[in-house]
2 protein chains.
Amino acid sequence: MPTISDVASLAGLSRATVSRVINNHPYVTKEKKELVMDAMKQLGYFPNTSAQNLRKQKTDTIAVLVPRLTNPFFTHLVESLEDRAAEYGLQILICNTKYDKKRELEFLYLLKTKQVDGIIMTSIENNWGQIEEITMNGPIVLCNEYITGANVSSVRLNQLEGGYIGTHHLIQKGHTKIGYCWGGVLSGLSYDRFEGYRKALAGQGLSINENWLFEGVFSIDDGRRVLNEISEMYDRPTALFTGSDEVAAGIISEAKKKGLHVPGDIAVIGFDDQPIAEVIEPALTTIRQPISEIGKKTMEVMIELLSKKNQSDEHQIYELPLQLIARESS
Amino acid sequence: MPTISDVASLAGLSRATVSRVINNHPYVTKEKKELVMDAMKQLGYFPNTSAQNLRKQKTDTIAVLVPRLTNPFFTHLVESLEDRAAEYGLQILICNTKYDKKRELEFLYLLKTKQVDGIIMTSIENNWGQIEEITMNGPIVLCNEYITGANVSSVRLNQLEGGYIGTHHLIQKGHTKIGYCWGGVLSGLSYDRFEGYRKALAGQGLSINENWLFEGVFSIDDGRRVLNEISEMYDRPTALFTGSDEVAAGIISEAKKKGLHVPGDIAVIGFDDQPIAEVIEPALTTIRQPISEIGKKTMEVMIELLSKKNQSDEHQIYELPLQLIARESS
DNA sequence: GTGAAAGCGCTAACAT
DNA sequence: ATGTTAGCGCTTTCAC
């Protein structure tokens with residue numbers, strides 16, 4: 001592989017001049033520039049990125065942590081982040097944490113090993129205490145997920161409102177026995193969404209039945225599991241608020257398999273408004289998250305942070321709107 | 001940020017010794033090793049990856065090119081590749097080409113700029129002529145997708161058989177008017193699968209109706225589009241072979257919307273056996289691809305290639321089995 | 001406008 | 001078993 005020196009000698013110029021051409025610096029005459037370009041083409045030269053990164057002390061790469069790559073919500077979010085990053089000449093490194101504390105921590109260390117200039121977290125597994133120390137090494141921005149005590153900027157949705165409008169919708173449909181499913185730990189996003197659920201119930205003088213609370217529910221299969229648990233209950237909920245469209249789809253599919261009618265026997269409400277929501281039957285009532293906008297805003301916040309040298313402690317919270325999409329499952 | 005020199009002076013040793021500890025080299029006494037470890041911990045030291053990569057002339061990173069990250073087939077494949085890579089201490093760089101020639105080429109250049117040690121392609125947009133030159137810079141392995149003329153190893157499925165068994169199944173169900181949908185260009189994978197379709201038809205003395213061939217069909221929405229086109233035809237197919245479960249799901253969903261019965265009015269067969277196949281109603285007849293195995297095998301081939309210094313020209317083709325999963329949509 | 005020279009942080013001969 | 005030294009490929013002062 002040719003190096004910058006090879007290009008320099010073929011062009012009859014110094015390495016400095018070649019470097020100026022590579023980086024589009026001014027003050028290089030047209031003739032020399034062409035000389036360099038010709039030499040580069042002739043040799044099939046490409047600059048060594050590791051050398052550039054080492055010298056420049058930056059990589060123009062942002063790590064994006066996602067909890068589960070097979071969840072379409074996150075791949076759509078990643079695509080949005082990626083589009084925006086490309087506009088600013090940044091690369092994205094997709095990091096699949098699999099909801100694992102240790103994997104997350106290892107990815108966060110990418111900032112310490114200088115493999116990335118910043119990190120966007122769309123999920124949080126560790127306590128903020130663990131993570132905070134890493135903010136010394138570069139900007140971290142929270143995207144969608146958040147956590148109490150985090151002293152970094154975040155772009156998020158009003159999850160309390162999301163939990164509220166979903167639950168309130170079910171109540172308006174006449175339900176009083178409403179179950180609730182969520183994924184990981186009840187903190188940040190999940191906590192607020194649950195608070196919205198609780199608030200909506202309380203507003204109508206309803207209280208929470210602990211038997212109808214299901215945690216660790218992430219996937220289609222988890223949804224099936226939940227429905228099976230319910231169908232064995234003596235006192236069953238008549239409606240379910242779920243944390244994702246996939247879970248809702250699993251519940252609906254299993255309900256039909258068992259001969260239950262949706263929404264007659266059990267109403268279901270999803271979250272995200274993924275493509276699957278319109279394909280399943282009955283079509284899914286769900287809460288639409290503005291994925292594209294949240295990705296775009298997050299990357300803009302990151303760019304802004306990258307541009308200022310002094311890592312000031314001030315951080316902002318940007319909140320985007322949610323929307324209930326009423327279909328047939330409720 | 002502390003460097004290796006800082007660690008060395010704090011430990012009262014040379015940089016070389018610190019480096020030996022970092023890389024788990026033998027011939028370092030326990031006492032010195034502990035001295036170094038303590039110093040590293042005390043300083044919060046992490047080695048600079050760019051410097052290591054530059055010096056070692058490798059990155060222990062493999063680029064994985066996928067055409068569409070939002071297609072669950074590819075995220076599942078990526079997860080499988082990732083699992084295997086982790087076992088060998090390799091990182092994965094996920095590259096979303098979006099079916100774009102230029103983006104693909106830019107990702108292939110990662111090999112020239114030394115950002116990755118090898119590339120796994122799960123889709124191919126450019127002609128092999130464009131790509132071949134890049135194989136000089138490191139190993140390229142084809143995964144699932146393939147293309148005629150490629151002189152690199154590949155792990156794939158017998159797509160001709162896939163096309164054949166799917167079509168034959170429809171014929172056995174009594175269909176003679178069978179349409180066909182596919183995504184990108186008809187080369188490699190798509191070509192063979194189409195050949196299987198053609199062969200199955202020919203075996204029964206049936207010929208292809210050009211009006212029932214749909215190209216550029218990738219997503220749920222594309223599937224809806226296909227069904228709408230069909231419903232306006234005078235002479236309609238009674239069955240459709242599709243290139244993915246998503247497309248099939250779109251067709252089924254739209255058919256039901258239009259009051260058509262599946263499989264009565266139109267039978268549909270998918271490809272992949274994604275989770276959506278069991279959630280949609282009627283459940284989807286589809287061709288299961290052994291995603292996990294194909295990912296695993298591909299990474300093993302890559303590891304093997306990475307370990308041998310001389311890039312020999314010999315290349316192998318590994319073929320894995322496909323399986324028809326008959327459900328209710330056919 | 002261009003070149004000389006220093007150095008980013010690390011590893012691997014080689015020497016001891 | 002440890003240290004010295006050279007250099008991976010590049011960018012950026014500082015000269016001129």
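Convention: sequence-line order gives letters A, B, ...; per-chain numbering from 1. Note that these values count all heavy atoms, side chains included, but never hydrogens, waters or copies made by symmetry.
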Inset, instruction - Figure out the CG/P separation between A:Leu43 and D:dG9, and round it to whole Å. - result: 14 Å

Legend entry - Integer-rounded Å distance: C:dA12 P and B:Leu54 CG: 12 Å

For nucleotides 2-4 of chain C, list the nitrogen or oxygen atoms of the protein found under 3.5 Å from its nitrogen or oxygen atoms, one pair per line.
residue : atom : partner : partner atom : Å
C:dT2   : OP1  : A:Thr29 : OG1          : 2.7
C:dT2   : OP2  : A:Thr29 : N            : 2.9
C:dT2   : OP2  : A:Thr29 : OG1          : 3.4
C:dG3   : OP2  : A:Ser14 : N            : 3.0
C:dG3   : OP2  : A:Ser14 : OG           : 2.9
C:dG3   : OP2  : A:Thr17 : OG1          : 2.6
C:dG3   : N7   : A:Arg20 : NH1          : 3.4
C:dG3   : O6   : A:Arg20 : NH2          : 2.6

Inset, instruction - Say whether, by atom type as modelled, one donor and one acceptor occur between the side chain of B:Ser80 and the main chain of B:His76 under 3.5 angstrom. - result: no

Inset, instruction - To the nearest Å, give me how far apart CG (A:Asn53) and P (D:dT12) are. - result: 12 Å

Inset, instruction - Output yes when at least one side-chain N/O atom of B:Gln57 is less than 4.0 Å from OP1 or OP2 of C:dA12, else no. - result: no

Legend entry - Nearest-nucleotide pick for A:Ser19, side chain only, options being D:dG9, D:dT12, C:dA12: D:dT12

Legend entry - Under-4.0 Å side-chain N/O to phosphate OP1/OP2 contact, A:His25 with D:dT12: yes

Inset, instruction - Please report, rounded to the nearest Å, how far the C1' atom of D:dC10 is from the CE atom of A:Met1. - result: 16 Å

Inset, instruction - Take the protein atom NZ of B:Lys33 and the nucleotide atom C1' of D:dT2, then report the distance between them rounded to whole Å. - result: 15 Å

Inset, instruction - To the nearest 0.5 Å, tell me how far A:Asn24 CG sits from A:Lys33 NZ. - result: 5.0 Å

Validation: residues 290-305 of chain A side-chain donor-acceptor distances under 3.5 Å, sequence neighbours left out:
residue  : atom : partner  : partner atom : Å
A:Thr298 : OG1  : A:Ile294 : O            : 2.6
A:Glu300 : OE2  : A:Arg84  : NE           : 3.1
A:Glu300 : OE2  : A:Arg84  : NH2          : 2.7

Inset, instruction - Hey, could you give me the OG1/CG distance between B:Thr113 and A:Asn48, rounded to the nearest 0.5 Å? - result: 7.5 Å

Legend entry - Set of side chain to side chain contact (heavy atoms under 4.5 Å, CB included) partners for B:Asp38, sequence neighbours left out: none

Legend entry - Value in whole Å for how far the P atom of D:dC10 lies from NZ of B:Lys114: 11 Å

Legend entry - A:Val152 and A:Pro139, any side-chain heavy atoms less than 4.5 Å apart: no

Legend entry - Interatomic distance, A:Lys58 NZ vs D:dC10 P [rounded to whole Å]: 17 Å

Inset, instruction - Among C:dG9, C:dA12, D:dG9, find the nucleotide with the atom closest to the side chain of A:Asn48. - result: D:dG9

Inset, instruction - Indicate whether OP1 or OP2 belonging to C:dC8 is found under 4.0 Å from a side-chain N or O atom of A:Gln52. - result: no

Inset, instruction - To the nearest Å, give me how far apart CD (B:Glu31) and P (D:dA1) are. - result: 11 Å

Legend entry - Sugar-phosphate, base or nothing in reach of A:Asn23, heavy atoms under 4.0 Å: sugar-phosphate

Legend entry - Test item: B:Glu104 side-chain N/O and B:Glu125 main-chain N/O as donor-acceptor pair under 3.5 Å: yes

